[in-house]
Amino acid sequence: MISEVNEVSPVEHKKHVAGLEFLKNALELSDQNFSNLVSAVQALQVAIPSWALGTGGTRFGRFPEGGEPRSLEEKIEDVGIIRNLTRATNSVSLHIPWDIPKDVAAIQQMLHARGLVIDSVNSNTFQDQAGQPLSYKFGSLCHTSDPVRNQAIQHNIEVIEHGKSLGSKVLTVWLADGSNFPGQHNFRRAFARTQKSLEQIYKAMPADWTMLVEYKPYEPSFYSMVIPDWGTSHELCKGCGDRAHVLVDLGHHLPNTNIEQIVARLLHIGRLGGFHFNGSQYGDDDLTTGAIKPFQLFLIFHELATGASDTLVKNPPVAYMIDASHNLKDPIEDLMISLENIRTAYAKALLVDIRALEQAQHDNDVVACEQILQRAFQTDVRPIVAEARIREGGALNPLESFRSKRIRTELIAKRGRKTIATGL
Ligand code: LRH
Ligand code: MN
């Protein structure tokens, strides 16, 4: 049995405390302010996607290492391992129909035993399921045929029902709807049909639920997507009501897009619903969060931190989720690295001297503005992120613990090397 206790040896702990002391003095922070910083990082909990616990792949190949979850129960077990080591996640996002629970009570019990809840439920009208009467080949909520749109609307309503049975209060809608050739779509009518369909789904949501509308500029449609950008998602959310918000997947932006400005804009209009964190060099690469562009991730959290401390910003609580796939890395190791990089970016953003920055911005002192951000970004905050973890019984070094406890070996022994294609 994988031991739940994360020992920190006296030598390791002594080194950790020395690092903390050094950083606190370097930052000239009082004990209380330093402790508040650690508490803020502790409070940042990021949901784990159920579909990212197996090995991902591309159309060119997939190289599973074994020990992957074969059921919703085993996915929850894996998220439990990540929570135990990192203490940076307390929830799981589900994808329906991939994660339809066979025994709701048993799932609830498993979640409770691991300190987990179900975050959002994601609908899926981008694949045709076995026995599905009508195909989504030419779209779902935007489809030209009523029966296909109604089938997709009904699916989303079923997803809400599954979510209600598991205690979720968030429906995430991402559509693959789009076109591959000029002339294939009437852009205005496809948008209007999608708007109508989403309004029907929104009306079916309980009054305490939120809808997150995710945008994506391309793939799997390669000429146009019905919801390609934040502006379109925002327009659809406005049409639905004040509990529909925009979901920002970091990989869903064309190269060189200033994502942190989109975050600031959505905060300003109070429609930033949440994030799908991942890393990318080119497209929707779904790589480790912060692995490719750590400064961009820092700037995104800088917008979130300044937004959170600005009384003019009236934005609902933001949902933090990871949405990645792992073609080469162990899924659990990769997710733990993403959690570490997300908390690191947040801790650095909390170090920005916002008052000094506002003064420098007012004075148009460009160099001072840049240097104030760089001072925070260049600070090694790893002791703070580690302290936020071990304060709650997490491991000092989750990756080392995962390997030294031979957890993957135990999972392979228990589950075998056969893997099942759940998800992407
Ligand atoms: C689409 C997406 C969406 C999910 C899927 C798993 O690219 O980001 O969030 O439904 O990945
Ligand atoms: Mn996503």
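Every number for a ligand or one of its atoms is a count from 1 in the order of the listing. Throughout, numbering of the chain's residues begins at 1 and tracks the sequence.
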A.B. asks: Return the option from H252, E219, E214 holding the heavy atom at the smallest distance from atom 3 (C) of ligand 1.
C.D. replies: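 The residue whose heavy atom sits nearest atom 3 (C) of ligand 1 is E214.
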A.B. asks: For ligand 1 and K216, I'd like to know whether there is a polar contact (N/O to N/O, distance under 3.5 Å).
C.D. replies: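 Min N/O separation from ligand 1 is below 3.5 Å for K216.
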A.B. asks: Under the ring-ring contact (aromatic ring centres under 6.0 Å, His included) test, which residues partner F298, sequence neighbours left out?
C.D. replies: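 Partners of F298 by the ring-ring contact (aromatic ring centres under 6.0 Å, His included) criterion, ordered by chain and then number, come out as F295, F377.
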A.B. asks: Can you tell me which residue among D119, L44, I48 is in a side chain to side chain contact (heavy atoms under 4.5 Å, CB included) with T89?
C.D. replies: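 When D119, L44, I48 are each tested with T89, the side chain to side chain contact (heavy atoms under 4.5 Å, CB included) holds only for I48.
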A.B. asks: If you measure from the Lys or Arg side-chain nitrogens to the Asp or Glu carboxylate oxygens, is any gap between R193 and D177 under 4.0 Å?
C.D. replies: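 Between D177 and R193 there is no salt bridge, as every charged N stays at least 4.0 Å from the carboxylate O atoms.
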A.B. asks: Which atoms of ligand 1 are found less than 4.0 Å from any heavy atom of H95?
C.D. replies: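 In order of number, 4 (C), 6 (C), 10 (O).
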A.B. asks: Taking only protein atoms, how many N, O or S atoms are found under 2.8 Å from the Mn ion (ligand 2)?
C.D. replies: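 My tally for this metal is 4.
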A.B. asks: Enumerate the residue pairs fulfilling side-chain hydrogen bond (donor to acceptor under 3.5 Å, both in side chains) with a member in residues 292-316, sequence neighbours excluded, ordered by first and then second residue.
C.D. replies: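 Residue pairs passing side-chain hydrogen bond (donor to acceptor under 3.5 Å, both in side chains), neighbours aside: none found.
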A.B. asks: Record the part of D284 in heavy-atom contact with ligand 1 below 4.0 Å; permitted values are side chain, backbone, both and neither.
C.D. replies: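 It is the side chain that touches ligand 1; the backbone stays farther off.
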A.B. asks: Between K329 and E333, is the closest basic N to carboxylate O distance under 4.0 Å?
C.D. replies: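 Answer for the salt bridge query: no.
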A.B. asks: Considering distance alone, does some N or O of W51 sit under 3.5 Å from an N or O of ligand 1?
C.D. replies: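 No, no N or O pair falls under 3.5 Å.
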A.B. asks: Could you tell me the separation between the CG atom of L254 and the CG atom of D229, rounded to the nearest 0.5 Å?
C.D. replies: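 Spacing of CG (L254) from CG (D229) equals 9.0 Å.
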A.B. asks: Can you confirm, on distance only, whether ligand 1 has an N/O atom lying under 3.5 Å from any N/O atom belonging to D249?
C.D. replies: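 Yes: some nitrogen or oxygen of D249 is under 3.5 Å from one in ligand 1.
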A.B. asks: Going by the rule side-chain contact (heavy atoms from CB on, under 4.5 Å), which residues pair with R59 if we only count those two or more places apart in sequence or in a different chain?
C.D. replies: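 Applying side-chain contact (heavy atoms from CB on, under 4.5 Å) to R59 gives none.
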